[in-house]
Amino acid sequence: MKAIRGTRDILPDEVGYWQWVEATAREILAAAAYREIRTPIFEATELFERGIGEATDVVGKEMYTFVDRGDRSITLRPEGTAGAARSYIEKKLFAEGGVQRLWYVGPMFRYERPQQGRQRQFHQIGLELFGSDDPRADVETVAVATDILQALGLKNLTLLLNSVGEKDDRARYRQALVEYLTPYKEELDADSQDRLDRNPLRILDSKDEATKKIVADAPSILDFLGDNAKRHFDRVQMLLSELEISYQLDSRLVRGLDYYTHTAFEIQSADLGAQATVCGGGRYDGLVEELGGKPTPAVGWAIGLERLIILLQQLGERSAIVPDFYVVSRGEAAESQATVLAQKLRRSGFKVELDLSGSAFSKQFKRGDRSGAKACLVLGDAEAEAKTVQLKWLQTGEQKTLTQSELLSAEGELKVALNQ
RNA sequence: GCGGGCGUAGCCAAGUGGUUAAGGCAGUGGAUUGUGGUUCCACCAUUCGCCGGUUCAAUUCCGGUCGUCCGCCCCA
């Protein structure tokens with residue numbers, strides 16, 4: 001049996017990275033008053049069709065959709081925003097006050113060709129801020145994202161920023177873009193020709209050289225922003241500068257999901273190959289209404305955890321959990337006493353690994369050394385007889401005998417010694 | 001979904017149309033019946049992702065399939 005294509009096990013050697021990322025994010029999110037929300041992993045298919053947009057690739061060809069035994073069309077969530085918005089509307093979270101700050105973490109599912117940094121089951125941590133159309137909200141979410149990435153020690157990241165304007169701005173721009181591109185239709189790559197009517201904005205970030213050349217002189221969305229959108233975007237940029245968050249304007253940055261308006265941003269890494277985007281997000285003022293709620297402005301983003309962890313592994317950052325004590329014992333009475341001693345020490349807050357092999361002391365010490373433990377606790381026949389234990393510090397080789405009860409009551413001293 | 005590379009032990013990795021498939025790391029046992037990080041010895045793939053074909057003979061050649069990686073697409 002094998003894990004199915006596009007899924008993988010996160011093994012104990014790697015899981016420390018995940019815990020570290022989640023703990024760091026949790027702390028920073030809490031500091032900015034975001035509260036966790038846990039929504040179902042599957043939802044009605046219609047939620048994503050309406051929320052994300054039927055014309056998008058995510059909905060059109062990447063969803064895990066099935067009919068359940070009650071004849072309902074169900075889809076494994078391909079992203080987190082639609083579910084959060086659904087919950088916000090259904091559970092009337094707007095009733096709790098003007099602004100709702102939410103975050104989530106968990107698996108998402110998209111049927112794509114797997115590559116490094118792109119699985120079919122992948123994980124995102126994301127944030128949504130409902131109920132404010134203030135540019136300060138946009139900036140706050142970006143700042144939280146950059147703080148998380150920075151706290152993890154990531155370097156070489158670029159924040160790309162754009163505005164896709166309000167709905168009308170986007171419609172006018174779309175028309176102008178199609179008008180500009182249509183005469184060149186034959187020179188565009190096949191994918192882009194296809195997108196010309198379906199989703200022309202996506203042509204802007206084509207990787208095809210010929211297309212890139214044509215697109216270079218295309219009109220810029222920024223010239224099509226209405227007064228409102230322009231004012232909003234200017235304020236976002238000003239506040240980012242005041243926060244000393246550097247960014248790069250990229251008028252070709254478009255988001256793939258239909259719900260985005262105004263600010264769009266991505267944080268990219270140069271160290272990820274084709275899957276460069278670690279964090280993507282923006283404002284989506286139309287989504288809540290689209291899903292049947294009252295018109296509600298909102299901003300949010302999601303971080304791809306697999307990609308983030310690839311970067312952390314490249315940095316060699318590690319946070320392995322290593323025992324304080326490795327317990328070496330031999331002989332029936334000693335083994336029993338060692339078991340009890342180990343458990344009592346754990347209850348006092350020490351990390352204790354018990355050697356279960358029963359093999360020669362030299363072997364047990366060797367394993368103790370490899371475990372990375374600070375000290376070994378040694379019990380043999382003599383110690384069992386006298387109810388004592390040998391405490392051996394592995395770095396210095398210093399060793400002393402004390403009674404088992406002395407060891408247990410020396411908690412404070414031991415903790416000090418372990419921290420040196 | 002499209003194009004391409006790769007698939008030998010837990011990990012890294014050499015190799016060949018023909019009796020026993022190098023080596024290193026890790027692991028296990030021993031030298032050392034009670035003291036580690038060094039050293040030495042032994043053991044550790046009847047099998048080369050899987051299925052089929054060619055052949056007297058295939059891990060090696062061919063086809064398919066599965067997986068993975070790179071690019072496209074898409075996206076976090």
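Chain letters run A, B, ... following the sequence lines, proteins first, then strands; residues in each count from 1.
Nucleotides B:G71 and B:U65 are separated by 23 Å at their C1' atoms, to the nearest Å. The gap from the C1' atom of B:C40 to that of B:A14 amounts to 26 Å, rounded to the nearest Å. Taking atom C1' on both B:U54 and B:C44, the two are 36 Å apart, rounded to the nearest angstrom. Distance noted for atom P between B:A9 and B:C51: 16 Å (whole Å). Using C1' as the reference atom, B:G24 and B:A45 are 16 Å apart when rounded to the nearest Å. Spacing of P atoms, B:U46 relative to B:G34, comes out at 35 Å, to the nearest Å. Separation of the P atoms belonging to B:G17 and B:U59 is 13 Å when rounded to the nearest angstrom. With both ends at atom C1', the span from B:A58 to B:C48 equals 11 Å, rounded to whole Å.
Side-chain proximity of A:Q115 to the nucleotides B:C66, B:C74, B:C70 is greatest for B:C70. Closest to the A:Q116 side chain, of the nucleotides B:G71, B:C73, B:C69, is B:C69. When distances are taken from the side chain of A:R367 to each of B:C75, B:G29, B:C73, the shortest belongs to B:G29. Listed candidates were B:G34, B:C73, B:C75. Nearest to the side chain of A:S206 is B:C73.
Computed from coordinates, the A:E62 CD to B:A76 P distance equals 10 Å when rounded to whole Å. A:K363 places its NZ atom 9 Å from the P atom of B:A31, with the value rounded to the nearest Å. What separates CG of A:L149 from C1' of B:A76 is a distance of 12 Å, to the nearest Å. Rounded to an integer number of Å, the gap from A:Y260 OH to B:C74 P is 16 Å. Rounded to whole Å, the distance from CD1 on A:I310 to C1' on B:U68 is 14 Å. Computed from coordinates, the A:Q364 CD to B:U32 P distance equals 19 Å when rounded to whole Å. B:C75 atom C1' lies 6 Å from atom CZ of A:R307, rounded to whole Å. Atom CZ in A:R120 sits about 8 Å away from atom P in B:U68, given to the nearest Å.
Shown here is A:Y247, whose OH atom has more than 12 heavy atoms of other residues, nucleotides or ligands within 6.0 Å.
With no hydrogens or angles considered, no side-chain donor-acceptor pair links A:E22 and A:W18 at under 3.5 Å. No hydrogens or angles considered: nothing links the side chains of A:S87 and A:T39 as a donor-acceptor pair under 3.5 Å.
Non-hydrogen atoms lying under 4.0 Å from RNA chain B are contributed by A:Q275, A:T277, A:V278, A:C279, A:G280, all within residues 275-285 of chain A.
An OP1 or OP2 oxygen of B:C73 is reached within less than 4.0 angstrom by no side-chain nitrogen or oxygen of A:R118. Using a 4.0 Å cut-off, some side-chain N or O of A:R5 falls inside it from OP1 or OP2 of B:G67. OP1 or OP2 of B:G34 sits under 4.0 Å from a side-chain N or O of A:R330. A close approach under 4.0 Å does not occur between any side-chain nitrogen or oxygen of A:K392 and OP1 or OP2 of B:G36.
Using a 4.0 Å heavy-atom distance criterion, A:A360 is classed as making no nucleic acid contact. Counting any heavy atom pair closer than 4.0 Å across all strands shown, A:G60 reaches no nucleic acid atom. Residue-level contact check: A:E383 touches the bases, meaning some heavy atom is under 4.0 Å from a base atom.
Under the rule for a salt bridge (Lys or Arg N to Asp or Glu O under 4.0 Å), the partners of A:D68 that lie at least two apart in sequence or sit in another chain are A:R72. When the side-chain hydrogen bond (donor to acceptor under 3.5 Å, both in side chains) test is applied to A:D285, the partners found at least two apart in sequence or on another chain are A:R283. Checked against ring-ring contact (aromatic ring centres under 6.0 Å, His included), A:F325 has the following partners two or more places apart in sequence or in another chain: A:F350. Residues passing the side-chain contact (heavy atoms from CB on, under 4.5 Å) test with A:T81 are A:E79, A:Y104, A:E128, A:Y259, A:Y284, A:L287, sequence neighbours excluded. In terms of the side-chain hydrogen bond (donor to acceptor under 3.5 Å, both in side chains) criterion, residue partners of A:D208 (sequence neighbours excluded) are, by chain and number, A:T211.
Between A:Y111 and A:Y64, the gap from one ring centroid to the other is short of 6.0 Å.
Under a 4.0 Å N-O distance rule, the pair A:R136/A:E140 does not qualify as a salt bridge.
Residue A:D208 is the one, among A:L305 and A:D208, whose nearest nucleotide of RNA chain B lies closer to the 5' end (criterion: closest heavy atom). Of the two residues contacting RNA chain B, namely A:R113 and A:E266, the nearest-nucleotide position lying further toward the 5' end is that of A:R113.
Residue pairs meeting the side-chain hydrogen bond (donor to acceptor under 3.5 Å, both in side chains) criterion with at least one partner in residues 379-394 of chain A, sequence neighbours excluded, are A:E383-A:Q390, A:Q390-A:Q399, A:Q390-A:T401. For residues 330-342 of chain A, the set of pairs meeting the salt bridge (Lys or Arg N to Asp or Glu O under 4.0 Å) definition, not counting sequence neighbours, is empty. Pairs engaging residues 394-406 of chain A under the salt bridge (Lys or Arg N to Asp or Glu O under 4.0 Å) rule: none recorded [sequence neighbours left out]. The salt bridge (Lys or Arg N to Asp or Glu O under 4.0 Å) pairs that include a residue from residues 352-363 of chain A are A:D355-A:R367, where partners are two or more places apart or lie in different chains.
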Produce the list of close N/O pairs, under 3.5 Å, pairing protein atoms with atoms of nucleotides 37-41 of chain B; give distances to one decimal.
| residue | atom | partner | partner atom | Å |
| --- | --- | --- | --- | --- |
| B:G37 | O4' | A:D369 | OD2 | 3.0 |

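The ring of A:F365 does not lie on top of the base of B:G36; it is either too far (5.5 Å or more) or too tilted (30° or more).
Stem regions annotated for RNA chain B: B:1-7 with B:66-72, B:10-12 with B:23-25, B:27-31 with B:39-43, B:49-53 with B:61-65, counting only runs of 3 or more consecutive pairs of Watson-Crick or G-U type with both contacts under 3.5 Å.
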